[in-house]
There are 4 protein chains.
Amino acid sequence: MNKIKVDTKQHILEVSLDLFSRKGYSSVSIRDICGKVGIKESSVYYHFKNKQDIFESLCQSFTDVTYAIPQNFAVEMSKVTTVSEEAFLFVCQSFLNDYLMDDKVNKFIRMLILEQSTNSEAAELYHKVLFDEALSGQRVIFEWLVKIGFLKDNAVDSMVMDYYAPVVYLFHRYLVAGEITEQIKAEVNQQLIKHVQHFLIKYKVDNQNQEC
Amino acid sequence: MNKIKVDTKQHILEVSLDLFSRKGYSSVSIRDICGKVGIKESSVYYHFKNKQDIFESLCQSFTDVTYAIPQNFAVEMSKVTTVSEEAFLFVCQSFLNDYLMDDKVNKFIRMLILEQSTNSEAAELYHKVLFDEALSGQRVIFEWLVKIGFLKDNAVDSMVMDYYAPVVYLFHRYLVAGEITEQIKAEVNQQLIKHVQHFLIKYKVDNQNQEC
Amino acid sequence: MNKIKVDTKQHILEVSLDLFSRKGYSSVSIRDICGKVGIKESSVYYHFKNKQDIFESLCQSFTDVTYAIPQNFAVEMSKVTTVSEEAFLFVCQSFLNDYLMDDKVNKFIRMLILEQSTNSEAAELYHKVLFDEALSGQRVIFEWLVKIGFLKDNAVDSMVMDYYAPVVYLFHRYLVAGEITEQIKAEVNQQLIKHVQHFLIKYKVDNQNQEC
Amino acid sequence: MNKIKVDTKQHILEVSLDLFSRKGYSSVSIRDICGKVGIKESSVYYHFKNKQDIFESLCQSFTDVTYAIPQNFAVEMSKVTTVSEEAFLFVCQSFLNDYLMDDKVNKFIRMLILEQSTNSEAAELYHKVLFDEALSGQRVIFEWLVKIGFLKDNAVDSMVMDYYAPVVYLFHRYLVAGEITEQIKAEVNQQLIKHVQHFLIKYKVDNQNQEC
DNA sequence: CATGAATGAGTGTTCATTCAT
DNA sequence: AATGAATGAACACTCATTCAT
């Protein structure tokens, strides 16, 4: 027979993430979670020490996922020596679609935003993920893109700022509040494309000269 | 005799704003508020119908303050015919210092960010203030700056995005979480100056050519 | 100028009686009363010592009204030597219309019914008014009606019971709960007439025989 | 070992009924109930959704009990073809002793009387039980008693009124307020017997004729 | 006469958590 | 692995009342 019963612990985590990201940790009761999971409140305490433990468990699994990204990317980078405009755009879009708009990741970041002011662990994680790590990761990529001659040899910090600020802007404007509908996804994607093209005009090495 | 007793209603509002912005509406109890104000819990209900009423009262006063800005600005604009780079920078900095970094306004926006997912009124107000109204206000200003020959006659939308995205970025990175220390203020100010100069290089009309 | 302002104390009493009779003493707050009267809560304490004092003041004025009835009636009785069937019916109806259905009296008895189990003063007054005094008063009347030859010389206690039980029944069935509409008034009146005629068939001295 | 722990839910219902019938729903606090039951306040909410839920649960169980009566009676009726005066009196007394004076039922009706003006559900139930259903039930019985030749073939409605009005009277006079002592029980029983005999003199078919 | 401001005690209810089963 | 039953602490809110003005 197939597995019919889903792993309850995993189910609790999923439901909790969903609720935490929508109402905030402290506004979600164990009752709320159990209601959606379909178990009694006391049962949670078989799987988790307490409510905080659910939150921390979520943080841990998110950290794991997030910290895997740059390493994966480094592996890919090492294989590649030339980058086309299309490839660059593709990578930017996949960061948006496969990461920031990914159901779990998106919910997670929303949860962090709500908890950043209450919970110092959340605040730290939020800043690491959305700013510190993101920026340093991008710096590495941009330096590499300069090295392989795709981007001009400008100040990388300016470039990163020019690239990333609008991404953060789009994220907060469209992806933090409310449901992420297909319509919103399309809108954000389109704005991202416009932004990347705008960005490349300024920073991409002029290939026509190279081709000459 | 001098006034010794502060207006209790105002005091409640101040304390509430402070706590709401730090812990989120639902994590702040009437007990918390009263403890800091120095009154008994039941006394709050003389001044406000209920907890939600405090929140709405805060929203109202914030709305009033915010909607006064563009009108004040319009008055100033009408008196001016030429703008120097210093003046432009000064205006940008004053928006940062006198608005986004203003204790009340800053706390208020933080509160809205925390409540945007729970409270639709908060979500709407947040988007109006930080995106819709801000963008349309800036569009007006930039169009005027183009008209008076300070900025190049580029697509205004792109210009607004180029200008505003980094502001939003700085706001979320440095001004939303944690205490706003003098050190952070200085850091943000410096980054803003860099950003504005970067922006002007691209969009300011080259006066030397004009003078020729 | 004429009196425009009604006597506040009287106004409080009226509103209180209305609310007490509909929701019960303990379910009516000073706030409720003041809201309807149009004064602030603290103002009540100028006119009354406390909430209980309002109740007692109501009881007093009701007692005064009620205890005046038998005396008034005794005066009337002493002037009359013969009674017609119509006159008897008229008196029965006037007790219903001018007393049990009178807005104030009705509200008052309803209030007593609600408070009889909580407040011993109310319980006592309720039983005095609706049973003890009513029965003894009726006994006096029926004895007099026997003496003047209008009613047969039966056991007065049985007669009183036969007469009064249906009145109490009608009162509790139609006049205690809900609004007393004109329709209900008519219905009760009709049932009372039927009852009185039924009663007189059994107990009235057959005048035709006497006249023979 | 024997069961020592009583069913808590049932215990709460019993205590609540007792208190509601004596002080009225809104004057009884959850604290009062829990104090008597011997549990903490929060424990009530494991068994009942809220205070109102206790009330409704009581109403339901009372409704069940009450609506079972006529059906039980119908079964008995179908087996019997002759009725003695003693049997009639016995039934009347058992309605009094086993229903109106039954601890639970009595408390319940008292509760309804107190709540009739506040709670429309209570008002409806009160009128159904004490008037509408009671009257129609009695009509059925009296019609049957006429058919089997125990009661004279008079207008049934008059008969019902003559029978039931004094019962309602006795109920409100002796059984609604205050403790129901053995003394009161005896008094009411005696008055009921007197009333039934009085009633039978008027309405019972004269058996001496039949015996001839 | 009336009110603005405050308060202590209490109300119904929710919460995270415990623990025996 | 789950649940029935309970609980202490907290919660938003209401109440009758007081008192200086």
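Here is how names work: the chains are called A, B, and so on, in the same order as the sequence lines, proteins then strands, and each is numbered from 1.
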Interatomic distance where CG belongs to C:Asp53 and P belongs to F:dT18 [whole Å] | 12 Å
Find the distance B:Lys51:NZ to E:dT13:C1' and express it as a whole number of Å.
-> 15 Å
Would you mind telling me which of F:dC11, E:dA2, E:dG10 lies closest to the side-chain atoms of B:Arg31?
-> F:dC11
Roughly, in whole Å, what's the span from CD1 in A:Ile30 to P in F:dA2?
-> 15 Å
Are more than 12 heavy atoms from other residues, nucleotides or ligands located less than 6.0 Å from atom CD of D:Glu124?
-> no
With a 4.5 Å heavy-atom cut-off, do B:Ser16 and B:Val28 have their side chains touching?
-> no
Rounded to whole angstrom units, what separation is found between the CZ atom of B:Phe48 and the P atom of F:dT14?
-> 15 Å
Classify the angle between the aromatic ring planes of B:Phe62 and B:Phe108 as parallel (below 30°), tilted (30 to 60°) or perpendicular (above 60°).
-> parallel
Integer-rounded Å distance: E:dA5 P and B:Ile39 CD1 | 12 Å
Donor + acceptor pair across side chains of B:Ser29, B:Asp32 (<3.5 Å) = yes
Choosing from E:dT13, E:dT14, F:dA2, which nucleotide comes nearest the side chain of D:Glu41?
-> E:dT13
Considering only side-chain heavy atoms of D:Ser42, which listed nucleotide, F:dC15, F:dA9, F:dA2, is closest?
-> F:dA9
Using the closest heavy atom to pick a nucleotide of DNA chain F for each, name whichever of D:Val44 or B:Lys49 lands nearer the 5' end.
-> D:Val44
Has the side chain of A:Ser57 got a donor or acceptor atom that lies under 3.5 Å from a matching backbone atom of A:Asp53?
-> no
Describe, as an angle rounded to 10 degrees, how the axis at the first end of the helix from E:dA2-F:dT21 to E:dT21-F:dA2 is tilted relative to the axis at the last end, five pairs per end.
-> 10°
Hey, is the side chain of D:Thr8 poking within less than 4.0 Å of OP1 or OP2 on F:dA5, counting only N and O atoms?
-> no
Taking the side chain of C:Asn50 as heavy atoms from C-beta outward, which of F:dT14, E:dT3, F:dT17 is closest to it?
-> F:dT17
Between E:dT13, F:dA12, F:dT3, which nucleotide gets closest to the side-chain atoms of A:Ser43?
-> F:dT3
Below 4.5 Å, heavy atoms only, C-beta onward: do D:Ile54 and D:Val44 meet side chain to side chain?
-> yes
Do the side-chain N or O atoms of A:Ser29 get closer than 4.0 angstrom to the phosphate oxygens (OP1, OP2) of E:dT14?
-> no
Of the candidates F:dA6, E:dA6, E:dA2, the side chain of B:His47 sits closest to E:dA6
Start at the 5' end of DNA chain F and walk down; is the nucleotide closest to A:Tyr46 or to B:Tyr45 reached first?
-> A:Tyr46
Contact class for C:Val28 vs. all strands (heavy atom < 4.0 Å): base, sugar-phosphate, or nothing?
-> sugar-phosphate
How many Å lie between CD1 on B:Ile12 and C1' on E:dA6, as a whole number?
-> 11 Å
Short side-chain N/O contact to F:dG8 OP1/OP2 from D:Lys40, under 4.0 Å = yes
Whole-Å distance between F:dC13 P and B:Ile33 CD1?
-> 10 Å
Is there a side-chain contact between D:Glu14 and D:Asp18, using heavy atoms and a 4.5 Å cut-off?
-> no
Rounding to a whole Å, what distance do you find between B:Asp32:CG and F:dC11:P?
-> 6 Å
Identified side-chain contact (heavy atoms from CB on, under 4.5 Å) counterpart of C:His47 within the set C:Gln10, C:Lys9, C:His11 = C:Lys9
